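The structure is given below, and queries will be raised subsequently.
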Amino acid sequence: MSVCFEVCPPRTDDGVPERDAQRVRMARRLTAARLRFCGLETLVDDATVIVSELVTNAIQHGTGAQVTFTMTVRDGFLRLAVHDETPGRPVVRHADDDAERGRGLFLVNCLASAHGGSWGTSDDGATTWCCLAVPGGQP
């Protein structure tokens, strides 16, 4: 499954416009519905957190006009990928205890590890992906 959507032009503030926030909610709902359809209910909660973080990062830090979200299940892994047309490598930050932001990729890393998976970026950095092992090794 692949979904491409337009996002607002890059901003200088830290907020996410309501239209883009709706895109994040849409990506979460699509993820949950598709996983339930595939009989992978056990991955819904963690996968929707991951998708929320990856899509939000693409919207907040990307400079392109569109974001593409892809979800596949193959070879015993669920692969979630977000392409934002912006080269560069995201990194896991270690936010202060009182920080309101900066934990997204830390969460992605923890959830991927908990599910026997991993995360990373494409060679050009424009796509960030996460793989989770499918319970029971379903195809």
Side-chain angles (χ1 to χ4, degrees):
M1 173 187 83
S2 186
V3 179
C4 183
F5 50 90
E6 291 181 358
V7 294
C8 294
R11 299 152 314 279
T12 57
D13 64 358
D14 291 334
V16 174
E18 180 56 31
R19 187 182 97 178
D20 289 345
Q22 290 174 4
R23 305 292 195 210
V24 176
R25 288 190 292 274
M26 177 262 320
R28 283 195 310 255
R29 285 192 306 269
L30 281 171
T31 300
R34 184 66 178 171
L35 290 174
R36 287 186 180 106
F37 177 79
C38 294
L40 298 172
E41 291 87 0
T42 59
L43 293 177
V44 169
D45 291 341
D46 290 346
T48 55
V49 169
I50 290 167
V51 166
S52 182
E53 295 300 336
L54 296 182
V55 172
T56 299
N57 278 354
I59 291 169
Q60 286 184 321
H61 304 293
T63 58
Q66 67 181 17
V67 170
T68 302
F69 163 59
T70 306
M71 180 170 70
T72 57
V73 177
R74 189 175 310 145
D75 300 326
F77 283 90
L78 167 66
R79 184 175 192 271
L80 307 165
V82 175
H83 179 81
D84 66 9
E85 303 179 337
T86 305
R89 299 221 179 249
V91 294
V92 175
R93 294 191 309 187
H94 299 283
D96 293 334
D97 290 344
D98 60 344
E100 294 181 14
R101 308 176 43 159
R103 293 178 183 83
L105 290 177
F106 176 76
L107 286 172
V108 170
N109 186 49
C110 289
L111 292 171
S113 294
H115 286 279
S118 60
W119 75 278
T121 59
S122 60
D123 288 340
D124 66 358
T127 301
T128 304
W129 54 266
C130 181
C131 288
L132 307 177
V134 174
Q138 292 174 288

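The structure presented is a predicted model; accordingly, all values stated were derived computationally and were not measured.
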(message) For Ser52, run the side chain to side chain contact (heavy atoms under 4.5 Å, CB included) check against Thr56, Val49, Ile50, Val55 and tell me which one passes.
(response) Thr56

(message) Quick check: closest heavy atoms across Ala81 and Thr127, and the distance to 0.1 Å?
(response) CB-CG2, 4.0 Å

(request) Ignoring hydrogens and angles, tell me if any N or O in the side chain of Thr128 forms a donor-acceptor pair with the backbone of Val82 under 3.5 Å. (result) no

(request) Quick one: closest heavy-atom pair of Cys130 and Leu54, and the distance? (result) CB-CD1, 4.5 Å

(request) Indicate yes or no for a side-chain donor-acceptor contact from Arg23 to the backbone of Glu6 under 3.5 Å, with no hydrogens or angles considered. (result) yes

(message) Applying side chain to side chain contact (heavy atoms under 4.5 Å, CB included) to Glu53 and Leu111, what does each step give before you reach the verdict?
(response) CA-CA 11 Å; Glu53 295 300 336; Leu111 292 171; over 6 Å; no

(request) Answer yes if Trp129 and Val67 sit in the same cluster of Ile, Leu, Val, Met, Phe, Trp and Tyr residues linked by side chain heavy atoms under 4.5 Å apart, and no otherwise. (result) no

(request) Not counting sequence neighbours, which residues clear side-chain hydrogen bond (donor to acceptor under 3.5 Å, both in side chains) with Thr121? List them please. (result) Arg89

(request) Kindly indicate whether the side chain of Leu80, heavy atoms from C-beta on, has any atom under 4.5 Å from the side chain of Phe69. (result) yes

(request) Can you sort out the partners of Gln66 under side chain to side chain contact (heavy atoms under 4.5 Å, CB included), two or more places apart, ordered by chain and number? (result) Cys4, Glu85

(request) Please report the shortest heavy-atom distance between Glu18 and Arg25, naming the atom on each side. (result) OE2-NH2, 2.6 Å

(request) Can you measure from SG (Cys110) to CH2 (Trp119) and round to the nearest 0.5 angstrom? (result) 11.5 Å

(request) Kindly compute the distance separating NE2 (His83) from OG1 (Thr70), expressed to the nearest 0.5 Å. (result) 9.5 Å

(message) Applying side-chain hydrogen bond (donor to acceptor under 3.5 Å, both in side chains), can you list everything that pairs with Thr48, at least two apart in sequence or on another chain?
(response) none

(request) For residues Met26 and Val3, determine if any side-chain heavy atom of one lies less than 4.5 Å from a side-chain heavy atom of the other. (result) yes

(message) Check whether Asp84 reaches the backbone of His61 with its side chain - one donor and one acceptor, N or O, closer than 3.5 Å.
(response) no

(message) Using every non-hydrogen atom in the two residues, find where Ala112 and Leu132 come nearest and quote the distance to one decimal.
(response) CA-CD2, 3.6 Å

(message) Once rounded to the nearest 0.5 Å, what's the spacing between atom CZ of Phe5 and atom CZ of Arg19?
(response) 10.0 Å

(request) Determine, step by step, whether Leu78 and Leu40 satisfy the side chain to side chain contact (heavy atoms under 4.5 Å, CB included) criterion, reporting the C-alpha distance in whole Å, the side-chain angles of both residues, the deciding distance to 0.1 Å, and the verdict. (result) CA-CA 10 Å; Leu78 167 66; Leu40 298 172; 5.5 Å; no

(message) Is there a continuous path of hydrophobic side-chain contacts, each under 4.5 Å between heavy atoms, that joins Leu107 to Ile59?
(response) no

(request) Work out which heavy atom in Leu43 is nearest to a heavy atom in Val134; give both atom names and the distance. (result) CD1-CA, 4.4 Å

(message) Using every non-hydrogen atom in the two residues, find where Phe77 and Gly116 come nearest and quote the distance to one decimal.
(response) CE2-O, 3.6 Å

